[in-house]
Asks: 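Here you go, one structure.
As the structure is a computational prediction, the values presented were derived from the model and not from experiment.
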There are 2 protein chains.
Amino acid sequence: MAMGRPREFDVDKALDLALEVFWSKGYEGASIADLTETMGITKPSLYAAFGNKEELFRKALDKYVDGPGGYFQVALAKPNIRAVVEHMLYESADAVTGPDHPPGCLAVQGALTCGDAAESIKQELVARRAKGEQDLRERFERAIAEGELPPGSDAADLAAYLSAILQGMAVQAAGGTTREQVRKIAEMALRTWPPPPSST
Amino acid sequence: MAMGRPREFDVDKALDLALEVFWSKGYEGASIADLTETMGITKPSLYAAFGNKEELFRKALDKYVDGPGGYFQVALAKPNIRAVVEHMLYESADAVTGPDHPPGCLAVQGALTCGDAAESIKQELVARRAKGEQDLRERFERAIAEGELPPGSDAADLAAYLSAILQGMAVQAAGGTTREQVRKIAEMALRTWPPPPSST
DNA sequence: CCAATTTCCTACCGATCGTTAGATAAGTGA
DNA sequence: TCACTTATCTAACGATCGGTAGGAAATTGG
């Protein structure tokens, strides 16, 4: 069976470079020219290897989620709820201010708003964030069942609250806030954790 | 002195409509065609009245800040620090989920990331968010001086923390989270307010 | 050496981007 | 009525957008 001409670039490496571009400029802000230039390949090579811009973004997003964004699942797997939240906040603070990649979080800034053409990408990111919040919620439910959180705690509310803080840290980082300052936000959130259940 | 042909549209009304478009699609996602269609005017009319896309955005942003975003300054002016934070959180929850305008916050989602051409708009929004945080910080400094916050409280840290929560609520809203759910985030933040100073 | 297969690159596609000439229409002041 | 000014519109500008033909180059199996 004929193999054909071998590829002259590393697909995985090129995807990493594409991820960096999407991460720093967002889906709409990253042009095909930006991408090919950074990836070091021509447009036909990009399309042959990755399909089109949308598919390329989705592949980059997958790589992000279990690469730089992998701390999320690691945190979820911690044995007690305090460790989960601590890890989530501290690792997130470091992740969104990592010195070796763009600031912020791809799932937040990839397409928080966009034109009509990118609507499906925006929805994909909305769904990913919702999935993360849902995972958190389930983890909190387990913690409540195991008596790790005050009676009356609402897992959904806790998940929304923590998600908001994480996303807020991402916005701060995207705007250039330093790692030290973002870490302080994480520390303050932890200092008041867990928020007690509503007294109503 | 000759007046020339009178304008056939209401500049202020058109600017409001432009604001809605930028608010829901972001600076890059809003095309001139989108804007003129919504505003009900032709492209030359837009350019004659507002300069160019960038100037139009800046004018819309100004209108946003002392219109839908006006709650921020109102909250800052409250007489005691608890009222400031309460107002800020509750009004923000309602503002980012207002039924009569796009969800989220223009200062966050207008250009969280972007291509090279929109870099100056992104920087403008970064500066605006930083200014809001700085205003908060100064209000906290006053509160600390007046003994309204625990001794040892750090005004800058408190401002960064509250800013992050507000921005996180905006991200949640932009993703379609309901007003009720966003309000719960505000309530939970308030339930733990103020975070005590670091014990180190 | 010769198909068959796959990647490579140059050049180009139509559509849309933001922006503007240039002509015409509607008002004011003399 | 007649300049003057300003707004209106159609139509177009060059640049860039995402995406692709089409042919040359490089590999494998026969």
Asks: Taking the basic N atoms (NZ, or NE/NH1/NH2) and the acidic carboxylate oxygens, is any pair closer than 4.0 Å for A/R183 and A/E187?
Replies: no
Asks: Hey, are the side chains of A/E138 and A/R142 touching, using non-hydrogen atoms and a 4.5 Å cut-off?
Replies: no
Asks: Does any part of the side chain of A/L158, heavy atoms only, come nearer than 4.5 Å to the side chain of B/M188, both counted from C-beta?
Replies: yes
Asks: Separation of B/D34 atom CG from D/dC17 atom C1', in whole Å?
Replies: 15 Å
Asks: Compare all side-chain heavy atoms of B/L190 with those of B/R82 and state whether any distance is below 4.5 angstrom.
Replies: yes
Asks: Rounded to the Å, how far apart are B/M39 CE and D/dT8 P?
Replies: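 Going from CE in B/M39 over to P in D/dT8 covers 12 Å.
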Asks: Sequence neighbours left out, what passes ring-ring contact (aromatic ring centres under 6.0 Å, His included) with A/Y47? Give chain and number order.
Replies: none
Asks: Residues from residues 40-52 of chain B sitting under 4.0 Å of DNA chain C, heavy atoms only?
Replies: B/K43, B/P44, B/Y47, B/N52
Asks: Is it true that the NZ or CZ of B/K184 lies under 6.0 Å from the centre of A/Y161's six-membered ring and within 45 degrees of the ring axis?
Replies: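 So B/K184 doesn't make the cation-pi contact.
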Asks: Without decimals, in angstroms, what is the distance between A/E8 CD and C/dC8 C1'?
Replies: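 Spelled out: CD on A/E8 to C1' on C/dC8 is 6 Å.
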Asks: In whole Å, I'd like the distance from the CD atom of A/E37 to the P atom of D/dG18.
Replies: 13 Å
Asks: Using a 4.0 Å cut-off on heavy atoms, which residues in residues 11-33 of chain B reach DNA chain C? List them by number, or say none.
Replies: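 When residues 11-33 of chain B is checked for heavy atoms under 4.0 Å from DNA chain C, the hits, listed by number, are B/A30, B/S31, B/I32.
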Asks: For A/R5 and C/dC8, is the shortest distance between a side-chain N/O and OP1 or OP2 below 4.0 Å?
Replies: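 So the side chain of A/R5 is outside the cut-off, no N or O lying under 4.0 Å from OP1 or OP2 of C/dC8.
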Asks: Under the side-chain contact (heavy atoms from CB on, under 4.5 Å) rule, collect the residues that match up with B/Q172, sequence neighbours excluded.
Replies: A/E133, A/A160, A/S163, A/A164, A/Q167, B/T177, B/I185
Asks: Going by ring-ring contact (aromatic ring centres under 6.0 Å, His included), name the residues that satisfy it together with A/F140, two or more places apart in sequence or in a different chain.
Replies: A/W193
Asks: Would you kindly give the CZ-to-C1' distance between B/R7 and C/dA25, to the nearest whole Å?
Replies: 16 Å
Asks: If I take atom CG in residue B/D116 and atom C1' in nucleotide D/dT16, what distance separates them, rounded to the nearest angstrom?
Replies: 13 Å
Asks: Does any pair with a residue in residues 72-128 of chain A pass ring-ring contact (aromatic ring centres under 6.0 Å, His included), and if so which ones, sequence neighbours excluded?
Replies: A/W23-A/H101
Asks: Roughly, in whole Å, what's the span from CG in A/L56 to C1' in D/dC17?
Replies: 16 Å
